[in-house]
Amino acid sequence: MSPCLAGLFTALALATAPATQPTANAADAAKAFVDKTNAELKVRYAQAEQAHWIAATYITDDTQAVAARAQESLMAALSEALAESMRHRDAAADDESRRALHLLRVSQSLPAPKDAGRRSELATIAARLSATYGKGQWCGADGKATCRELPELERVLATEKRWDRLVDAWAGWHSIATPMRGDYARLVELANEGARDIGFQNAGELWRSGYDMSPEAFEQETERLWQAVKPLYDDLHCYVRGRLSRVYPKKMPADGTIPAHLLGNMWAQECNNIYELVEPFPGRVNLNVNAALRAQKYDPTKMTKLAENFFVSLGLKPLPQTFWQRSMFEKPRDRAVVCHASAWDVDYSGDLRIKMCIEPTEESLVTLHHELGHLYYFQAYDHLPILFQAGANDGFHEAIGDAIALSITPAYLKEVGLLRKVPGDKAALLNVQMKSALEKIAFLPFGKLIDQWRWDVFAGKVTPENYNAAWWALRRQYQGVSAPVERSEADFDPGAKYHIPGNVPYMRYFLARILQFQFHKALCDAAGFQGPLHECSIYGNKAAGEKLQAMLKLGASRPWPEALEVLTGSRQIDPSALLEYFAPLREWLAEQNKGKTCGW
Ligand code: X8Z
Ligand code: ZN
């Protein structure tokens, strides 16, 4: 709305009402607008979610077109609402309405241009990028081999030790992203236009504005957290590289980096799959749960029930019947789907679902707890207006299920029959810690660099001519990993990671890796646990469940420090719980690395 109209509104009100009225009227108008927007958006969001669900679980040109149309219509509604919301920006509205107006402004990770033609183009590109990722497969360099999709290629990375086979699966999967390059560059232009239309410098600044602090302060906050945990990552890197050098003696690069295909994961984001190669004290205790899952015939439903049972043991409700009927638990044999795990509340009123290609592995079991964490968050804030139906910040949403999964201790696994023996001595404890650090600590630099890259791309500091070079510079700088084979600007390696074509902001996962330990510690305190943090499991503890629920039910209705305070008593994200958890390993790593040349 233009300033002239706002002026007219005030003048009319002044002429007809007592001196205090205009503010009250403006505040009422703001509240009425927020109420109306909440009601409208709920319908629109639900329609878009239905279309996206179908597009992700049945990839065809038609479902892609339907998803693009639904997205376009949601974007149009949001553009209209945002334009109208400007009228209420300066109104002395109540706290709740002002927060809702702010959340409306920062709600889109893909901000749509006002221009209808370009909005439609953006929706089409977004749907195409998602589908390209979902359909990705590698059929060999000559196109004649049997084609393999992502889960199969991931399995190669997780289990294979032969260098050439690893390179083939790695490079094969990364080749699926090459065609995304042009679409991605255009998506960046259009999203930036949408961000500028609502007063941001670019889409990256919009992303950084969703944390109840200035975008600059948020950037500094992520840096503060990274610096606190970096020494532990550096120690782990040094140790892992040393062990891998024994396995691939002639192959390790001289610059101190680790080739990205050796870490057991397609993106080298976590490296728990190479635990056996780097186990501190081999043969001490069998921590391999995969064999037990297979032996006990854990199918996708049984795996999901086990995860649900954990939440129920805390006093939370069982998942609704519709969850079991409508979710996608396994990779269908007859059609292409996006296998990347996700959690949904399709109608924003309890139509809870997950979409996942569950395998009988510990990795899938942990991911299931992660996804159910999302569902229990959805369920806890379902009663709120839609603009408040979100995590206190997006890092909270990602941290809930992971915090619960920290309670999957060896003692818990023994209790549910998935482990024979609970490790008792120091050597076994170090094995357990190593396995967990390969998942949790290894992830930290990866969690930070993805959006470091995207923030630079949105800001124009990185342009399409140097997309890939900038990507590998960050991979090297943060993670100390290098590309297994030569890369160039003919490649588009960022596109091989789901969240880039899916346009899902990633800093949330970095925050979550730290927050989850802070949550875990608070929940263990609530449960009255005494002892070292890494031994705590809140399984079956209702007091911990109540404490968790008290935070979850706030959704995004309050600034995140308040929500954090409800659970932890602190208003600051604090990495000290993570450091406390890994204290035994850290001491041991320092000992191991003494006298070694570390770093890259
Ligand atoms: O994408 C996810 C979840 C869905 S929100 C499966 N995660 C990140 C990833 O896979 O890259 C969880 C950990 C990090
Ligand atoms: Zn998640």
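In what follows, residues are counted from 1 in the order of the sequence shown. Counting starts at 1 for both ligands and their atoms, following the listed order.
If you check the side chains of Q479 and H237, you find no donor sitting under 3.5 Å from an acceptor.
Sorting the N, O or S atoms of H370 by how far they are from the Zn ion (ligand 2) puts NE2 first.
Remark: K521 does not engage D574 in a salt bridge, criterion side-chain N to carboxylate O under 4.0 Å. Note on R208 versus E205: no salt bridge recorded, every NZ/NE/NH1/NH2 to OD/OE distance being 4.0 Å or above.
In terms of protein heavy-atom proximity, atom 2 (C) of ligand 1 is nearest to H340 NE2, 3.5 Å.
Judged by the shortest distance from any of its heavy atoms, H397 lies outside the 4.0 Å radius around the atoms of ligand 1. Using a 4.0 Å cutoff on heavy atoms, W267 does not count as a contact of ligand 1.
The Zn ion (ligand 2) lies under 2.8 Å from an N, O or S atom belonging to E398. Here H397 fails the criterion, with no N, O or S atom under 2.8 Å of the Zn ion (ligand 2).
Under a 4.0 Å criterion applied to the non-hydrogen atoms of H374, ligand 1 contributes the atoms 5 (S).
The ring pair (Phe, Tyr, Trp, His ring centres under 6.0 Å) with H397 is formed by just one residue from the set Y376, F378, F519; it is F378. Remark: of the listed residues R333, K331, R335, K135, K331 is the sole one forming a salt bridge (Lys or Arg N to Asp or Glu O under 4.0 Å) with E149.
Below 3.5 Å of separation, one finds no N or O of R513 facing any N or O of ligand 1.
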